[in-house]
Number of protein chains: 2
Amino acid sequence: MATEEYHELRRGQVAEAVTRLIAVHGFDGVTVAKTAVEAGVSVGMVQHYFSTKDDMVRYAYTRVTERTVARMERRATELDRRHHSSIRHALTEGLAERLPLDDARRTEWRVSFAFAARAVDHPALATVRTSTESAIRSRLAEAIHNGKECGEVPDGADADAQAAGLLALVDGLGLHTYLDPSMTRLALSELDRALSAVFPGTCRENRPR
Amino acid sequence: MATEEYHELRRGQVAEAVTRLIAVHGFDGVTVAKTAVEAGVSVGMVQHYFSTKDDMVRYAYTRVTERTVARMERRATELDRRHHSSIRHALTEGLAERLPLDDARRTEWRVSFAFAARAVDHPALATVRTSTESAIRSRLAEAIHNGKECGEVPDGADADAQAAGLLALVDGLGLHTYLDPSMTRLALSELDRALSAVFPGTCRENRPR
DNA sequence: TTGCTTTCAATACGGCCATATTGTCAATGC
DNA sequence: GCATTGACAATATGGCCGTATTGAAAGCAA
């Protein structure tokens, strides 16, 4: 194995330990020593691969956000390409991937939220967050734009504004759903309602993307 | 002055120091010692009025949320009673009070968010948060119900669901606006759009509340 | 006056944390 | 063969934290 590959493997091993610790004990439960134990390695080994704790945490953050975003993208693309869903439906399902709908996603949501909250006071983490979100937002705006060309979205719509609104709604619904899992169905229906408001029409033939 | 009153004054003095510290240095910047310095008192004095740090923090949290909720309520009521605004408009403005629209509200938002994030891992704080939010939600649902009787809201609307959706949207918009103040106008217009979707109609005479 | 309670102030204490230091051992280069 | 480097492990260090302890004033009841 290439040494570079091995290096990334080790870093990943530590990063996964960080996310597991956050999932169980919250962000405050993450210390270098505990991470080492959780990863089954020594403190010195962690230090060897991450020069500071901040470094370690930031790496873990980028990992978990990348995983979430990739899943959203995959779900939406799958519906779009394979099942020829409407853009509205593909986006609804893609965005829903971000919600804490089952135990796995609850854990992931909790970890992401813990990171996001620290990002407010922590420029290094804030960079990760803002770049990820602006990527999602432009991806959304692009889809809305495609919706116009295809007839699902009215011509006058402000794609950027609506994209921002949708993302904000999903984040808010995620928070409320996390704190009160019993409102899961309600969150999904509100998400659906919002998407229907943005995409009130039906696709004509020969739609793009 | 009654001793009870004096007691509350002291506790308030400490609580305000806590919120100031969070506003400047984030939640992690709050320690008992620093709070004492910020409040201009001794550590022993803080201990005298709060048996644990948790106690101190929880008290500060209830204070800041009460302040925010009171301002929202006041603004909505003012528009409703004094200016005879539509319910839609009163609610829009009331909910907008929760957004980080200026420096003062940015600070308040940051403090509330720091608390809310800790609440995820911290049952004592979670109680404060959930009770506050369910209060706002039922207040909102009540207003939507009134909107039905008066004609602003269609009869078939699900007041509880829409209330939850609106609150989630506001929380999400707050987060995004905080991280990127340049989207303030966009957030306001999205809020307005959402309220217009819930309250599409116009009030008949003799409306309730 | 005496003694008890409240209100604080100063400081001690024990623990945990991030990081630095130091050393070991194997691989690699020459 | 031998110095060098990379990959760790073990432990030391210094700092900060929450809380406990101790005690000094001050008010007040008897």
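None of the values given here were measured: they were computed from a predicted structure. All chains are named by letter (A, B, ...) in the order of the sequence lines, taking the proteins before the strands, and each is independently numbered beginning at 1.
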Gap between atoms [atom1] and [atom2], on [X] and [N] respectively (whole Å):
X        : N       : atom1 : atom2 : result
Arg11(B) : dT7(C)  : CZ    : C1'   : 15 Å
Met45(A) : dT19(C) : CE    : C1'   : 18 Å
Asp28(B) : dG15(D) : CG    : P     : 21 Å
His48(A) : dA20(C) : NE2   : P     : 15 Å
Gln13(A) : dA7(D)  : CD    : P     : 14 Å

> Got a sec, which residues hit side chain to side chain contact (heavy atoms under 4.5 Å, CB included) with Val128(A), two or more places apart in sequence or on another chain?
Replying inline: Arg58(A), Tyr61(A), Thr62(A), Thr65(A), Thr132(A)
> Nearest of dC17(C), dA7(D), dA9(C) to any side-chain atom of Lys34(A)?
Replying inline: dC17(C)
Should [X] and [Y] count as side-chain neighbours, where that means a heavy-atom distance under 4.5 Å?
X         : Y         : answer
Val153(A) : Gln162(A) : no
Val14(B)  : Tyr59(B)  : no
Leu179(A) : Val120(B) : yes

> After noting the C-alpha distance and the side-chain angles of Thr130(B) and Asp180(A), does the key distance pass the side chain to side chain contact (heavy atoms under 4.5 Å, CB included) rule?
Replying inline: CA-CA 9 Å; Thr130(B) 53; Asp180(A) 176 12; over 6 Å; no
> What string of B, S and - do you get for nucleotides 18-29 of chain D 5' to 3' if you count protein non-hydrogen atoms under 4.0 Å?
Replying inline: SBB---------
> Less than 4.0 Å between a side-chain N and a carboxylate O, is that true for Arg74(A) and Glu97(A)?
Replying inline: no
Between protein and nucleotides 23-28 of chain C, what N or O pairs are separated by less than 3.5 Å?
none

>> Could you report the tightest heavy-atom contact between Pro200(A) and Val198(A), atom names first, then the distance?
In response: CD-O, 3.0 Å
> Are side-chain N/O atoms of His176(A) and Arg137(B) paired as donor and acceptor at under 3.5 Å?
Replying inline: yes
